[in-house]
Amino acid sequence: MEKTENCSAATTDEQEIHYRGIKAMPYVIGNETFEKLGTTGTSNNLLVYLTTIFNMKSISATNLVNVFNGTCNLATLIGAFLSDTYFGRYTTLGLASISSFLGMVLLTLTAAVSKLHPPDCNKSSENGTCDGPTPWQMTFLLSGLGLMVMGAGGIRPCNLAFGADQFNPETKSGKRGITSFFNWYYFTYTFAMMVSLTIIVYVQSDVSWAWGLAIPAFMMFLSCLMFFIGTKMYVKVKPQGSPITSVIQVIIAAVRKRKLKQPDEPWISLFNHIPKASINSKLAYSDQFRFLNKAAILTPEDKINSDGSAMNPWKLCSLQKVEEIKCLIRVVPIWASGIIYSVAMVQQQTYVVFQAIQSDRYLGHTGFNIPAASFGIFTMIGVTIWIPIYDRLIVPWLQKYTKKEGGITLLQKMSIGMVLAIITMVISAIVEDRRRALALSNPIGIDSKKRSISSLSTMWLIPQLTLIGLSEAFTLIGLIEFYYKQFPENMRSIAGSFTFIGLALSSYLSSFLISVVHKISERSQTGDWLPEDLNKGKLDYFYYLVAGLEVMNLGYFIMCANWYKYKEGGSTGNGVEGDDDMVKLQSDGV
């Protein structure tokens, strides 16, 4: 009865939806900025905390941090499922934010309360050994990390989609607002990373771990506060049941009817009931993956409810539902290409630190030695400068000529980033070849591991770091926006999780690539490409190899882009005005 009442009242209630757009952004962006300051400020220096305060061995600490980061990314799929199926994005974000805050409070207590961490090595070490954490101390620590995992699993897949929900997708200003929001979302991320890698890390390492962890916890508190203050301003999209169930229903129904013949005019003859309360855009018929169309063939055995819906959705599905599943399938090849692209990003972030360690890190003639780990900030500086320029100047200029939302298509935007990634790898290889040559012919010293330090200034690493930042601004932001716009509306939280699952898989793939190259190259005539001492290796060859992989990935991406058909929104069924006709799918690749 409740469902019937909702359907009958759908038109009246949903016409009252008021998109606040820009007015809601101070609360949304404020929430996300403080949340990122909190989470990145806590996690960026976690490895150092575990080895210095908890006296954990480096291998144990590294494994714990890797498991923590990987679980945070994989938990996004669970959080997205719960959001799209049961709770909705607003409730999921609220609960997850509180969970993250409580986790950070527990982590802060492990540093502030002496009984919650092992004694200092200088005080407890009598036989040259340090006391490790007790089972109780580890339980308290893992409880805090567990709460943070739960928070990350809910926040990461939902915050982007929730912010974009505040704009009307049927108006030009709303569409422009969504595109701009994705750019500024990434801007806040890079800003938070810059603050975390400088101010917060300094407080943690040189002032006090208790204060250094309390600051991110306070930032997370402000994030929760900003989020709940704006409650009355938000558009809250209600969940409409399990989207995963819909996928399985279409596949099973299609398999059951696999022996049936395809109709001559499927866009007319196939069953296509669309619930009045559906929030998903109406989609046009597509010839791609025609086998799935059989799930919508109406037979004499199929029973129909009084409201026009199928009595047994495991035997009969609407054409609308079939087309929504096709949208998901079309996204997967692009997602796979995004994973391969991220390999270049991961390799650049990993080996640039090792390059910096064996290079001249002095800032001019000042005598100031720049920490090797701090060079990643140049990537973020480049992004921070570029995004406002691109969003406010370049996009409006492009729109005048292309007449397209965002200036260029999302796939074109991603391809630009992939080209920049290839250029970055080539420049990295050239710089590394020069660095190694100067290290062998004109070293300026020897480090603690008796490795020659090149006379090449680390300032030569800035171009490649800046380029990879610009590459991320095009491809990663493009991917995030692409998932949001191309997934069905009732699966947008799952769309948000795709980014983080892709990053997790790219990390695993990068580790696999390094292991394979290491094992193969150490038996070659040139020797190990990736030894402990870069001066004895061929890191430049490895960069060229990654560049070659990215070239092949670019070719694969272009093929996928030319094959891809965009989903364009019409009437969403949620009461918002739009075109009631079936929406055409646009084949508009790179």
Side-chain angles (χ1 to χ4, degrees), residues 29-54 56 61-62 64-66 68-69 72-73 96-113 116-117 141 144-145 147-149 151-152 155-156 159 184-227 349 352-353 356 361 363 368-385 387 465 469 472 503:
I29 295 294
N31 161 253
E32 291 173 353
T33 302
F34 286 124
E35 182 269 327
K36 290 182 183 68
L37 284 170
T39 53
T40 58
T42 300
S43 60
N44 276 340
N45 219 17
L46 185 59
L47 184 62
V48 178
Y49 179 69
L50 295 177
T51 54
T52 56
I53 302 300
F54 267 73
M56 295 179 66
T62 300
L64 179 56
V65 171
N66 286 337
F68 171 72
N69 290 331
C72 283
N73 284 328
S97 297
I98 293 172
S99 178
S100 283
F101 170 66
L102 294 176
M104 292 179 191
V105 169
L106 292 185
L107 197 61
T108 302
L109 290 176
T110 63
V113 180
L116 294 179
H117 63 256
L141 172 70
L145 295 178
L147 286 170
M148 290 176 65
V149 167
I155 293 172
R156 292 181 181 182
N159 56 2
W184 286 101
Y185 172 88
Y186 202 77
F187 176 87
T188 63
Y189 170 76
T190 55
F191 171 77
M193 287 293 290
M194 288 171 61
V195 173
S196 298
L197 286 173
T198 52
I199 299 174
I200 295 179
V201 168
Y202 170 77
V203 173
Q204 291 171 345
S205 302
D206 296 340
V207 179
S208 164
W209 274 104
W211 281 108
L213 292 174
I215 293 173
F218 179 68
M219 292 296 176
M220 195 65 223
F221 170 76
L222 293 179
S223 173
C224 295
L225 189 64
M226 289 292 292
F227 179 76
Q349 292 172 345
V352 75
V353 175
R361 289 184 280 123
L363 185 60
F368 177 73
N369 201 5
I370 304 174
S374 296
F375 277 89
I377 200 170
F378 289 106
T379 297
M380 299 162 199
I381 291 174
V383 174
T384 304
I385 295 174
I387 287 179
L465 289 167
E472 290 177 21
L503 290 175

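- Interatomic distance, Met380 CE to Leu465 CG, rounded to the nearest 0.5 Å: 10.0 Å.
- Considering every non-hydrogen atom in both Gly212 and Pro216, the closest pair reads O-CD, 2.9 Å.
- Annotation: the span from Ile199 atom CD1 to Ile215 atom CD1 amounts to 9.0 Å, rounded to 0.5 Å.
- Scanning both residues, Trp209 and Thr52, for their nearest heavy atoms gives NE1-OG1, 3.9 Å.
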Audit row: Cys72, Arg156, side chain to side chain contact (heavy atoms under 4.5 Å, CB included) steps and yes/no: CA-CA 9 Å; Cys72 283; Arg156 292 181 181 182; 3.5 Å; yes

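- The side-chain heavy atoms of Leu147 and Val105, taken from C-beta on, include no pair separated by under 4.5 Å.
- Taking CD1 of Ile98 as the start and CZ of Phe227 as the end, the distance is 9.0 Å to the nearest 0.5 Å.
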Side chain to side chain contact (heavy atoms under 4.5 Å, CB included) assessment of Leu222 paired with Leu37: CA-CA 10 Å; Leu222 293 179; Leu37 284 170; over 6 Å; no

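- Here the CG atom belonging to Leu225 is positioned 11.5 Å from the OG atom belonging to Ser97, to the nearest 0.5 angstrom.
- Closest approach of Gly151 and Ser100 over heavy atoms only: CA-OG, 3.2 Å.
- One distance of note links OG of Ser223 with CG of Asn159; it measures 9.0 Å at 0.5 Å rounding.
- Inter-residue side-chain proximity for Phe68 and Met148 is flagged as met; some heavy-atom pair is nearer than 4.5 Å.
- In terms of heavy-atom proximity, Cys224 sits nearest to Phe101 at SG-CB, 4.2 Å.
- Atom CG of residue Leu213 and atom OG1 of residue Thr110 lie 6.5 Å apart, to the nearest 0.5 angstrom.
- Residues Ile200 and Met219 have side chains not in contact (no heavy-atom distance under 4.5 Å, counting atoms from C-beta outward).
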